[in-house]
Amino acid sequence: MSLFKRPGSPFWWARFTHHGRRIQKSTGTADRAQAQHFHNRLKAELWQQDRLGTRPVRHWQDAVFRFLKETSHKASHEDDKRRLRWLDAYLAGKRLDEISRDLIDRVGELKKRQSSAATANRHLALIRTILRRAWADWDWLDKPPRVRLYPEPKRRIRFLTRPEAERLLAALPAHQADAARFALATGLRQSNILHLEWSQVDLARCTAWIHPDQAKARHAIAVPLNAEAMEILGRQLGKHARAVFTYQGQPIRQISTRAWREALKRAGIADFRWHDLRHTWASWHAMAGTSMQELQELGGWESASMVRRYAHLSARHLAEAAARISAPQLQNLLQQDSGESPATGIQSPNPLVVAK
């Protein structure tokens with residue numbers, strides 16, 4: 001049979017033999033007539049490649065498969081797969097040269113209405129990346145279409161004050177409160193805290209580490225443990241042989257739970273995610289005078305631009321410059337320029353003029 005359906009899939013699949021090689025591809029459609037058209041066109045394209053030497057026709061699924069294979073090391077690999085599953089409904093079965101700017105714009109508008117401009121941009125950027133690879137790296141496409149991203153509003157960094165943080169911690173169950181306190185003490189991401197193992201902790205040296213394959217930037221992160229972090233780890237000793245943070249004897253698998261949401265309500269805190277604990281940690285550091293370079297190393301950020309989000313909270317390094325035009329300081333400078341003594345206002349002798 002040239003067309004068939006797989007169990008659990010709404011799409012028709014095309015299957016035939018070409019020069020002894022079995023060809024099997026999803027048509028990307030549940031309509032049998034359209035699937036038959038796809039099947040016939042695919043056979044014709046293969047014939048043209050053999051007889052006329054034309055470039056093989058590549059489809060969206062071909063590009064997706066190769067992209068996922070080449071980027072399996074990315075920290076965002078699972079996010080890419082999730083976005084590509086959504087995009088399949090609109091791009092599966094399309095030849096790469098059929099994916100036009102108009103089609104991409106329509107897909108972007110659908111996602112924007114469904115979620116937000118920021119979420120739509122993540123999907124559009126993924127389309128752009130794959131098409132650019134197909135053009136520049138794989139020679140599958142003559143020229144990729146331009147992909148227009150939506151403007152995203154600049155959002156302020158969401159962080160807690162010390163009193164707000166204490167209210168939240170008091171409202172959380174003990175196991176979540178300890179994990180949250182550890183986040184505020186170290187700045188570690190949620191996944192790094194949940195997957196932290198005792199093999200990654202050296203209590204004698206007051207340090208922990210995140211392996212490269214666990215870090216978002218894919219490089220190892222050294223985590224100095226302050227007194228509060230050490231106190232929290234001390235409470236976890238003996239609860240589990242491998243995992244650091246546990247609940248009822250088992251490693252914690254999920255932390256943004258109903259208990260988390262209810263604790264936020266009881267603490268009177270709105271518009272706050274678990275990841276904002278990391279923003280809070282970074283904001284507290286910036287306000288305490290930690291340099292942006294130190295903060296970048298502590299947080300394991302690959303780019304300095306990610307750290308500059310907190311620069312406005314740290315003005316200590318500019319305090320001396322700001323003081324230069326304060327009234328007393330400025331008066332002294334003006335008097336010095338005019339040759340007067342700052343203390344008495346008496347004209348100072350010019351040291352370059354030799355007294356007669």
Rounded to the nearest 0.5 Å, what's the gap from [atom1] on [X] to [atom2] on [Y]? Could you check?
{"X": "Trp301", "Y": "Ile221", "atom1": "CH2", "atom2": "CD1", "answer": "9.5 Å"}
{"X": "Ser100", "Y": "Asp105", "atom1": "OG", "atom2": "CG", "answer": "8.5 Å"}
{"X": "His39", "Y": "Phe16", "atom1": "NE2", "atom2": "CZ", "answer": "5.5 Å"}
{"X": "Arg242", "Y": "His195", "atom1": "CZ", "atom2": "NE2", "answer": "9.0 Å"}
{"X": "Gln176", "Y": "Trp260", "atom1": "CD", "atom2": "CH2", "answer": "8.0 Å"}
{"X": "His59", "Y": "Ile99", "atom1": "NE2", "atom2": "CD1", "answer": "10.0 Å"}

Parallel, tilted or perpendicular: which one describes the rings of Trp140 and Trp138, with boundaries at 30° and 60°? tilted
Can you establish whether the number of heavy atoms outside Arg146 located under 6.0 Å from its atom CZ is more than 12? no
Crowding at CD, Gln24 (>12 non-hydrogen neighbours, <6.0 Å): yes
With heavy-atom distances below 4.5 Å as the criterion, would you say the side chains of [X] and [Y] are in contact?
{"X": "Met292", "Y": "Arg308", "answer": "no"}
{"X": "Leu91", "Y": "Leu103", "answer": "yes"}
{"X": "Leu277", "Y": "Phe159", "answer": "no"}
{"X": "Leu3", "Y": "Gln36", "answer": "yes"}
{"X": "Trp281", "Y": "Leu188", "answer": "no"}
{"X": "Pro251", "Y": "Leu194", "answer": "no"}
{"X": "Phe67", "Y": "Lys69", "answer": "no"}
{"X": "Arg273", "Y": "Ser256", "answer": "no"}

Can you confirm whether the side chains of [X] and [Y] place a donor and an acceptor under 3.5 Å from each other?
{"X": "Glu294", "Y": "Ser291", "answer": "yes"}
{"X": "His279", "Y": "Tyr310", "answer": "yes"}
{"X": "Thr27", "Y": "Thr29", "answer": "no"}
{"X": "Gln296", "Y": "Glu302", "answer": "no"}

Does a side-chain N-to-carboxylate-O contact under 4.0 Å join [X] and [Y]?
{"X": "Arg181", "Y": "Glu231", "answer": "no"}
{"X": "Glu70", "Y": "Arg66", "answer": "yes"}
{"X": "Glu166", "Y": "Arg162", "answer": "no"}
{"X": "Asp62", "Y": "Lys25", "answer": "yes"}

Polar side-chain atom of [X] near backbone of [Y] as donor-acceptor pair, under 3.5 Å:
{"X": "Arg83", "Y": "His123", "value": "no"}
{"X": "Glu98", "Y": "Arg95", "value": "yes"}
{"X": "Arg15", "Y": "Ile23", "value": "no"}
{"X": "Glu164", "Y": "Ile269", "value": "no"}
{"X": "Thr71", "Y": "Lys74", "value": "no"}
{"X": "Thr246", "Y": "Gly249", "value": "no"}

Are His73 and His77 close enough that their ring centers fall under 6.0 Å? no
Is it possible for you to check whether [X] lies under 6.0 Å from the centre of the six-membered ring of [Y], through NZ or CZ, and within 45° of that ring's axis?
{"X": "Lys94", "Y": "Trp60", "value": "no"}
{"X": "Lys143", "Y": "Trp135", "value": "no"}
{"X": "Arg106", "Y": "Tyr90", "value": "no"}
{"X": "Lys112", "Y": "Tyr150", "value": "yes"}

Using side chain to side chain contact (heavy atoms under 4.5 Å, CB included) as the criterion, list what pairs up with Phe245, not counting sequence neighbours. Asp178, Ala179, Phe182, Ile193, Leu196, Ile232, Gln236, Ile252
Checking side chain to side chain contact (heavy atoms under 4.5 Å, CB included) for the pair Ile157/Thr280: CA distance, chi angles, key distance, verdict? CA-CA 9 Å; Ile157 297 298; Thr280 300; over 6 Å; no
Path from Trp86 to Leu149 over hydrophobic side-chain contacts below 4.5 Å: yes
For the residue pair Ile104 and Pro145, what are the closest heavy atoms and their distance? CD1-CG, 3.7 Å
Before giving the answer on side chain to side chain contact (heavy atoms under 4.5 Å, CB included), spell out for Ser191 and Gln214 the whole-Å C-alpha distance, their side-chain angles and the decisive distance to 0.1 Å. CA-CA 8 Å; Ser191 61; Gln214 298 173 315; over 6 Å; no
